[in-house]
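Since we're looking at a predicted model, the values are computed, not measured.
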Amino acid sequence: MAKFDTSQIQVSIDTLEIAHYCEWLPCEEELVDRGFSSKRGRFPGTKVWYFNGDESDYEPNLSIYPTWGPGRIRAGASLPKLAYGHNVGLVDAAGVYEALDTFGLRVTERLGIPFDVMTALVQRIDYAENLVLTPDEARNFFKHYSDFGIPHLTRKTLSSESEAIYFENQSREVVLYDKRGEVLRKQPHRKDLHAMAEGIIRVEYRYRNEKTIK
C-alpha cells in the first residue's frame, strides 16, 4: 500500500445540497424571466422548475418541486467553486462560511426571494480529502482499492481519462479518483487547473439524503 505524508491531507466540504419549504414562490412568468425551465412533475398536472447553474460565473443549481403548499426549493453547489471558481483545491473552515454566504446570496438573487442557507434542510453533503501522491504511489493506491471491499457498498471501477473507484448504495457513496484526470476530461483547455491538480487523488464521502446525514 502506498505511503504518503499525512500533513498533505486537507479535509473539507465540497458539494452541498439544501432545501427550504416556501410559502410563496415567483409566478411561472417570472421564473422564465429568471432563466428557469420546467418539466413534468412526478404527479399529474404538476411541474418541476429548474435552473442549471451558470458555469461562466458559477451559480448553484436550483430545483422547485410542487408540494401540498406552494413548493420546495432545493439548491446545490460546490463550495470550492463558489469560493474559487473551481474545486481542485478545498476551502478551509473560514472559507466554508464565506462560501455559504455566497451560496445564499446567489440563490436569493436568482429566485428573487430570501433563501437562508443556515436554516435550510441538508439533503446531501460530500466531505472531501485531497491526497498528494507521486505517480507510483497513485498507481499502487488504485491497485489496492480496485480489489477492496466495504460492507453494504457495491464497488465499481472506472478507467477512462482518469482512474475512479466507487463504493455505493442508495444512501451513501465513497469515491476515489484522480483529480487531474477529471479536470482534463471536463475542462481540457484549463492548463492552469491541470497543473494545480497534478498528483492529487480525491477521496469523497457522499451522504445522499437527509435521513443518512442525520
Spacing of [X] atom [atom1] and [Y] atom [atom2] [to the nearest 0.5 Å]:
{"X": "Glu17", "Y": "Thr15", "atom1": "CD", "atom2": "OG1", "result": "7.5 Å"}
{"X": "Leu16", "Y": "Tyr127", "atom1": "CG", "atom2": "OH", "result": "9.0 Å"}
{"X": "Glu163", "Y": "Asp178", "atom1": "CD", "atom2": "CG", "result": "7.5 Å"}
{"X": "Leu153", "Y": "Ser171", "atom1": "CG", "atom2": "OG", "result": "8.0 Å"}
{"X": "Ile113", "Y": "Leu25", "atom1": "CD1", "atom2": "CG", "result": "5.0 Å"}
{"X": "Ile13", "Y": "Leu100", "atom1": "CD1", "atom2": "CG", "result": "7.0 Å"}

How close do [X] and [Y] get, counting heavy atoms only, and between which atoms?
{"X": "Ser12", "Y": "Val96", "answer": "OG-CG2, 4.0 Å"}
{"X": "Ala99", "Y": "Leu82", "answer": "O-CD1, 3.7 Å"}
{"X": "Val107", "Y": "Leu62", "answer": "CG1-CD2, 3.7 Å"}
{"X": "Gly89", "Y": "Pro80", "answer": "O-CB, 3.4 Å"}

Original post:
Any chance OH of Tyr50 has more than 12 other-residue heavy atoms, nucleotides or ligands included, within less than 6.0 Å?
Top reply: yes
**OP:** Using a strict 4.0 Å threshold on nitrogen-to-oxygen distance, state whether Arg208 and Glu168 make a salt bridge.
**Re:** yes
Subject >> Residue pairs fulfilling side-chain hydrogen bond (donor to acceptor under 3.5 Å, both in side chains) with at least one residue in residues 35-49, sequence neighbours excluded >> reply: Glu28-Lys47
Original post:
Tell me the side-chain hydrogen bond (donor to acceptor under 3.5 Å, both in side chains) pairs involving residues 89-114, sequence neighbours left out?
Top reply: Glu59-Arg110
Linking I/L/V/M/F/W/Y whenever their side-chain heavy atoms sit closer than 4.5 Å, directly or via other members, would [X] and [Y] fall into one cluster?
{"X": "Ile213", "Y": "Val117", "value": "yes"}
{"X": "Val203", "Y": "Val88", "value": "no"}
{"X": "Met118", "Y": "Leu79", "value": "yes"}
{"X": "Trp24", "Y": "Tyr21", "value": "no"}
{"X": "Leu31", "Y": "Ile73", "value": "yes"}

Side chains of [X] and [Y]: does their closest heavy-atom pair fall under 4.5 Å?
{"X": "Glu129", "Y": "Tyr205", "answer": "yes"}
{"X": "Val48", "Y": "Arg74", "answer": "no"}
{"X": "Lys179", "Y": "Asn130", "answer": "no"}
{"X": "Leu111", "Y": "Ile64", "answer": "yes"}
{"X": "Ile150", "Y": "Arg155", "answer": "no"}

**OP:** Kindly indicate, with the supporting measurements, whether the criterion side chain to side chain contact (heavy atoms under 4.5 Å, CB included) is fulfilled by Phe115 and Ile18.
**Re:** CA-CA 10 Å; Phe115 188 91; Ile18 54 181; 3.7 Å; yes
Original post:
Which residue, Leu176, Val175, Leu90, forms the side chain to side chain contact (heavy atoms under 4.5 Å, CB included) with Arg202?
Top reply: Leu90
Original post:
Can you list the steps and then say if Asp14 with Glu204 is a side chain to side chain contact (heavy atoms under 4.5 Å, CB included)?
Top reply: CA-CA 8 Å; Asp14 187 356; Glu204 294 185 3; 3.6 Å; yes
Subject >> Row check, Tyr207 ring normal vs Arg172 NZ/CZ: under 6.0 Å, within 45° >> reply: no
Original post:
Quick one: salt bridge (charged side-chain N to carboxylate O under 4.0 Å, His left out) partners of Lys143, sequence neighbours excluded?
Top reply: none
**OP:** Take Phe142 and Thr157 through the test side chain to side chain contact (heavy atoms under 4.5 Å, CB included) and record every step on the way to the result.
**Re:** CA-CA 9 Å; Phe142 284 112; Thr157 302; over 6 Å; no
**OP:** Using atom types as modelled and distance alone, determine if a side-chain donor or acceptor of Tyr58 lies under 3.5 Å from a backbone N or O of Ala77.
**Re:** no
Would you be so kind as to tabulate the donor-acceptor pairs closer than 3.5 Å made by side chains of residues 192-200, with sequence neighbours excluded?
| residue | atom | partner | partner atom | Å |
| --- | --- | --- | --- | --- |
| Asp192 | OD1 | Arg190 | NE | 3.0 |
| Asp192 | OD2 | Arg190 | NH2 | 2.8 |
| His194 | NE2 | Gln187 | O | 2.9 |
| His194 | NE2 | Arg190 | O | 3.2 |
| Glu198 | OE1 | Arg180 | NE | 2.9 |

**OP:** Could you verify whether a donor N or O on one side chain and an acceptor N or O on the other, from Asn209 and Arg124, lie under 3.5 Å apart?
**Re:** no
Original post:
Any idea how Phe51 and Phe36 line up, ring-wise: parallel (<30°), tilted (30 to 60°), or perpendicular (>60°)?
Top reply: tilted
Subject >> Partners passing ring-ring contact (aromatic ring centres under 6.0 Å, His included) against Phe148 (at least two apart in sequence or in another chain) >> reply: His144, Tyr145
Original post:
Residues in ring-ring contact (aromatic ring centres under 6.0 Å, His included) with Tyr65, at least two apart?
Top reply: none
